[in-house]
Amino acid sequence: MAHQIVEGIMSEGVEAKMHFIRYDPESDILADILDSKAIVLGVPTMMNNPYPKIGNLLAYLSCVSPANTGVRKKAALFSSKGWAGGAIAKLTTALTDAGFDVLEDEAIEEIYVPDDNDLDKCYDLGKKLAQMVKE
Ligand SMILES: Cc1cc2nc3c(=O)[nH]c(=O)nc-3n(C[C@H](O)[C@H](O)[C@H](O)COP(=O)(O)O)c2cc1C
């Protein structure tokens with residue numbers, strides 16, 4: 001899903017950088033977020049919440065107040081779930097509190113493994129987000 005979103009962003013000639021919470025230090029991710037006009041966050045659901053590893057990054061973001069960079073940053077979200085989900089709602093609250101404009105209506109939440117339709121939606125989300133930051 002992340003790859004299709006990045007392809008969608010780059011199809012508009014907008015630069016995109018991908019990080020993996022599992023491997024990349026939060027400090028590096030945070031530095032890139034502060035330099036960006038928008039972020040896309042993807043997290044699976046665990047016990048009605050975003051997968052816990054995202055917690056550190058959310059804590060950093062709530063401390064740093066990215067809105068203070070002078071650029072009101074947009075945030076788009078995607079998630080996988082097995083049944084009722086819940087990650088998107090929690091991420092929306094956390095990022096809104098941290099000062100992001102979350103594209104709530106555009107969030108993609110799919111069940112288990114994404115199908116071709118889900119992947120197309122991801123590409124379109126990336127494209128739309130890129131168009132917004134170019135405005
Ligand atoms: C420990 C555990 C807890 C989970 N809790 C939820 C949940 O509360 N709600 C939900 O919709 N899916 C839940 N899921 C399903 C995962 O979100 C789903 O398996 C994942 O998004 C798809 O990734 P996968 O293909 O790696 O399993 C849970 C899965 C595991 C393993």
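Each ligand, and each atom within it, is numbered from 1 in the order the structure gives. Values in this document were obtained by computation on a predicted structure and should not be read as measured data.
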Looking at [atom1] of [X] and [atom2] of [Y], how far apart are the two atoms once the value is rounded to the nearest 0.5 Å?
X    : Y   : atom1 : atom2 : result
L119 : Q4  : CG    : CD    : 4.5 Å
D124 : I5  : CG    : CD1   : 10.5 Å
D118 : S80 : CG    : OG    : 10.5 Å

4.0 Å heavy-atom contact, N48 with ligand 1: yes

Validation row: K81, P44 side chains within 4.5 angstrom (heavy atoms): no

Close-contact set for ligand 1 against [X] heavy atoms, below 4.0 Å:
X   : value
A84 : 11 (O)
P44 : 21 (O)
M47 : 3 (C), 4 (C), 5 (N), 6 (C), 7 (C), 8 (O)
G85 : 9 (N), 10 (C), 11 (O)

Identify the closest protein heavy atom to [atom]: which residue and atom is it, and at what distance?
atom                    : answer
atom 20 (C) of ligand 1 : S80 OG, 3.6 Å
atom 29 (C) of ligand 1 : T45 O, 4.3 Å
atom 3 (C) of ligand 1  : M46 CG, 3.6 Å
atom 12 (N) of ligand 1 : G82 N, 2.9 Å
atom 6 (C) of ligand 1  : W83 CZ2, 3.3 Å

Keeping the roles fixed (side chain from N49, backbone from M47), state whether a donor-acceptor pair exists under 3.5 Å. yes

Looking only at distance, does Y112 have an N or O less than 3.5 Å from an N or O of ligand 1? no

If you look only at pairs with a residue in residues 3-30, which of them pass as a salt bridge (Lys or Arg N to Asp or Glu O under 4.0 Å), with sequence neighbours excluded? E12-K127, E12-K134, K17-D32

Not counting sequence neighbours, which residues clear side chain to side chain contact (heavy atoms under 4.5 Å, CB included) with T92? List them please. L77, I88, T96, V102, E104

